[in-house]
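Below is one structure, written out as structure tokens, with a few remarks after it.
Source: prediction; values computed, not measured. For the numbers below, each heavy atom of this structure counts, side chains included, while hydrogens, waters and symmetry mates do not.
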Amino acid sequence: MVYVTVASKVEAEKIVHVLLEERLIVCVNILGPVSSHFHWEGQITSTEEYLMIIKTEARLFARLEKRIRDLHSYTVPEVIVVPIIEGSKDYFNWMTNILNC
């Protein structure tokens with residue numbers, strides 16, 4: 001799974017559409033708005049963002065990260081991989097079938 005935050009729901013949906021069309025991902029949950037607090041350009045900053053929880057396979061990460069960077073409005077987008085330790089075999093089979101088309 002890959003976590004990515006974006007500035008708006010519209011931006012999330014734009015990115016998701018491209019990633020689905022290019023079969024780099026199989027599913028995304030868009031949550032938000034979420035409250036984000038972080039250091040940026042020497043200051044502590046707070047803002048509302050949307051969190052995308054993206055499902056894909058590790059072999060596609062390099063291409064996925066590049067596309068996210070191409071489409072994202074942030075200078076330094078958050079792109080964080082969280083490994084999936086275990087899950088439904090049926091779900092994993094579905095993922096493989098979608099991503100191999």
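- In summary, of the residues considered (Val2, Thr56, Leu24), a side chain to side chain contact (heavy atoms under 4.5 Å, CB included) with Phe61 occurs for Val2 alone.
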Item to check | side-chain contact (heavy atoms from CB on, under 4.5 Å) between Ile53 and Tyr3, intermediate numbers included | outcome: CA-CA 5 Å; Ile53 303 172; Tyr3 286 9; 3.7 Å; yes

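- Under the 4.5 Å side-chain contact rule for hydrophobic residues, Trp40 and Val6 do not share a cluster.
- Residues Arg23 and Leu60 share a closest heavy-atom pair of O-CD1, 4.0 Å.
- Partners of Glu21 according to the salt bridge (Lys or Arg N to Asp or Glu O under 4.0 Å) rule, which considers only residues two or more places apart in sequence or in another chain, do not exist here.
- Atom-to-atom distance recorded for Ile84:CD1 and Glu57:CD is 9.5 Å, nearest 0.5 angstrom.
- Interatomic distance, Glu11 CD to Thr5 OG1, rounded to the nearest 0.5 Å: 9.0 Å.
- Two residues are said to be in side-chain contact when any heavy atoms from C-beta on lie closer than 4.5 Å; Thr45 and His39 fail this criterion.
- Among residues two or more places apart in sequence or in another chain, the salt bridge (Lys or Arg N to Asp or Glu O under 4.0 Å) test is passed with Glu65 by Arg69.
- Under the 4.5 Å side-chain contact rule for hydrophobic residues, Val82 and Tyr91 share a cluster.
- Between Ile15 atom CD1 and Leu64 atom CG the span is 10.0 Å, to the nearest 0.5 Å.
- Heavy-atom minimum distance, Tyr50 versus Gly32: CE2-C, 3.5 Å.
- In the hydrophobic clustering of this structure, Val79 does not group with Tyr74; members are Ile, Leu, Val, Met, Phe, Trp, Tyr whose side-chain heavy atoms approach within less than 4.5 Å, directly or through other members.
- The CG atom of Leu19 sits 7.0 Å away from atom CE of Met52, with the distance rounded to the nearest 0.5 Å.
- We find the CD1-NZ distance between Ile98 and Lys55 to be 14.0 Å, quoted to the nearest 0.5 Å.
- Atom-to-atom distance recorded for Glu78:CD and Phe38:CZ is 9.5 Å, nearest 0.5 angstrom.
- Pairing each heavy atom of Ala12 with each of Ile30, the nearest pair is CB-CD1, 3.9 Å.
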